[in-house]
Number of protein chains: 2
Amino acid sequence: MKVSDGSAVCPSRLILEHMTSRWGVLVFAALLEGTYRFSELRREIGGVSEKMLAQTLQTLERDGFVHREAHPVIPPHVDYSLTELGREAASRVWALAGWAEEHVPQVLAARTGYDAARADAS
Amino acid sequence: MKVSDGSAVCPSRLILEHMTSRWGVLVFAALLEGTYRFSELRREIGGVSEKMLAQTLQTLERDGFVHREAHPVIPPHVDYSLTELGREAASRVWALAGWAEEHVPQVLAARTGYDAARADAS
DNA sequence: CGGTATCCAACACGATACTG
DNA sequence: CAGTATCGTGTTGGATACCG
C-alpha cells in the first residue's frame, strides 16, 4: 500500500497537525475541563505567548473544534469551549498523550540503551 | 488543574511530537504493514528526503519504537521494523489519523462556515 | 481585556554532493 | 545501498509594542 502520494499533503494530515500541535494539545486538555476565557487559558497553559494562543485558538475554531463566544461588554469578555466535534477530538488526542505519558519510562530506558550503544561505537 | 508548568517541556510532549511528526506518522503507517529497507521506505512514503527519513528513523529508533537491523554485506542491507512498543504506538497514532480522515468533511464544512462569516464581517 | 502588527532569531526542511 | 555533511531558505515561534 502506498501511504502517501507525495504530491499534495492530504487534508487529514493538516487536521492531525492542528490537533497535535504544541499548544493545540494543551488547549484541548484545558477545554476538556470546561469553559475558559482567553487570559484564563493563558494562565492555565504555562509559557504560551499571546500570539501563539490566539493563533492556535483561531485554527481550532476554524476547524470546528472550538467554540468562541464574545460577549459585547466593556471590558471585553470572550469565552472558549469545545464543540461536540472538539470534545471527541480532544478526548482522543488526550488519550494518546496519556499513553505517551504512561510509557515515558520505557522510552527513556530505550534512549539510554541507544545512547550507550553509540558511545561504545565511537 | 494546571495542564503545563511552563518551565521545562514535559517528556511526554516530546514523545508525542516524535510520534505525530510529519514523517513519523507515515513511517509508522508503512512499518505497520511489515519490514522495509531504507529505500523501500523512501519509495513507499512519497516526497520524503533522505535526510528527513534518516532523521525520523533515528529518532523513532532511539525512542524504542523502531528496530534497525543492519546486515553486514556489500552492498549494505538494512531492515526496519516496529518493536512491540512501536506497534502499540503506531496503531494508536494511525487510529487517530484514521479518525481525522473520517472527519475531514465535517472540518471542511466548519472552515467554509468560518470563512464565510469572516468575509461578511469585512 | 482580548487581541493584532511587526520584527527577529532559531530551526526545520530540502537539495546537493560526498563516503564506506 | 545506506547513509552523512554542508549549505541555503522558508517557516515557526517568541518578544515587544500597539489598538479597539
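In what follows, chains carry the letters A, B, and so on, assigned in the order in which the sequence lines appear, proteins first and then strands, with residues in each chain numbered from 1. Quick caveat, the model's predicted, so the values are computed rather than measured.
Hydrophobic cluster membership differs between A:Leu108 and A:Tyr114, with clusters built from Ile, Leu, Val, Met, Phe, Trp and Tyr side chains linked at under 4.5 angstrom.
Proximity note for A:Lys51 (side chain, C-beta onward) versus C:dC7, D:dC1, C:dT4: the nearest is C:dC7. Checking D:dG20, D:dC1, D:dG3 against the side-chain heavy atoms of B:Ser39 singles out D:dC1 as nearest. Among the nucleotides D:dG3, C:dG3, D:dG14, the one closest to the side chain of A:Met52 is D:dG14.
For D:dG3, the OP1/OP2 oxygens have a side-chain nitrogen or oxygen of B:Arg68 closer than 4.0 Å. Regarding contacts with the backbone of C:dG14, a side-chain N or O of B:Trp23 is found under 4.0 angstrom from either OP1 or OP2. Regarding contacts with the backbone of D:dG3, a side-chain N or O of B:Tyr80 is found under 4.0 angstrom from either OP1 or OP2. The phosphate of D:dA15 has neither OP1 nor OP2 within less than 4.0 Å of any side-chain N or O from A:Ser49. Applying the 4.0 Å criterion to OP1 and OP2 of C:dC13, one finds that B:Arg22 has every side-chain N and O outside that range. The phosphate of C:dG3 (OP1 or OP2) has no side-chain N or O of A:Gln58 nearer than 4.0 angstrom.
Each of A:His77 and B:Val48 was matched to the nucleotide of DNA chain C holding its nearest heavy atom; the match closer to the 5' end belongs to A:His77.
Counting non-hydrogen atoms under 4.0 angstrom, A:Pro75 reaches the backbone sugars and phosphates but no base.
Between A:Tyr80 and A:Phe38, the two ring planes are tilted [angle within 30° to 60°].
If you take CZ of B:Arg118 and P of C:dG3, they are 10 Å apart, rounded to a whole angstrom. We find that CG of A:Leu53 is positioned 10 Å from C1' of C:dG2, with the value rounded to whole Å. In this structure, the CZ atom of B:Arg42 is 15 Å from the P atom of C:dC13, given to the nearest Å. In this structure, CD of A:Glu40 is placed 13 Å from P of C:dG3, rounded to the nearest angstrom. In this structure, A:His71 atom NE2 and C:dG3 atom C1' are separated by 17 Å, rounded to whole Å. If you take CD of B:Gln55 and C1' of C:dC13, they are 8 Å apart, rounded to a whole angstrom. Across the protein-nucleic acid pair, A:Glu50 atom CD and D:dG13 atom P stand 17 Å apart, rounded to whole Å. At whole-Å resolution of the value, CD1 in B:Ile74 and C1' in D:dG3 are 14 Å apart.
With respect to the salt-bridge test (charged N to carboxylate O, under 4.0 angstrom), the residues A:Arg111 and B:Asp63 qualify.
At least one side-chain heavy atom of B:Arg13 sits less than 4.5 Å from a side-chain heavy atom of A:Arg22. Between B:Met19 and B:Phe65, some side-chain heavy-atom pair lies under the 4.5 Å cut-off.
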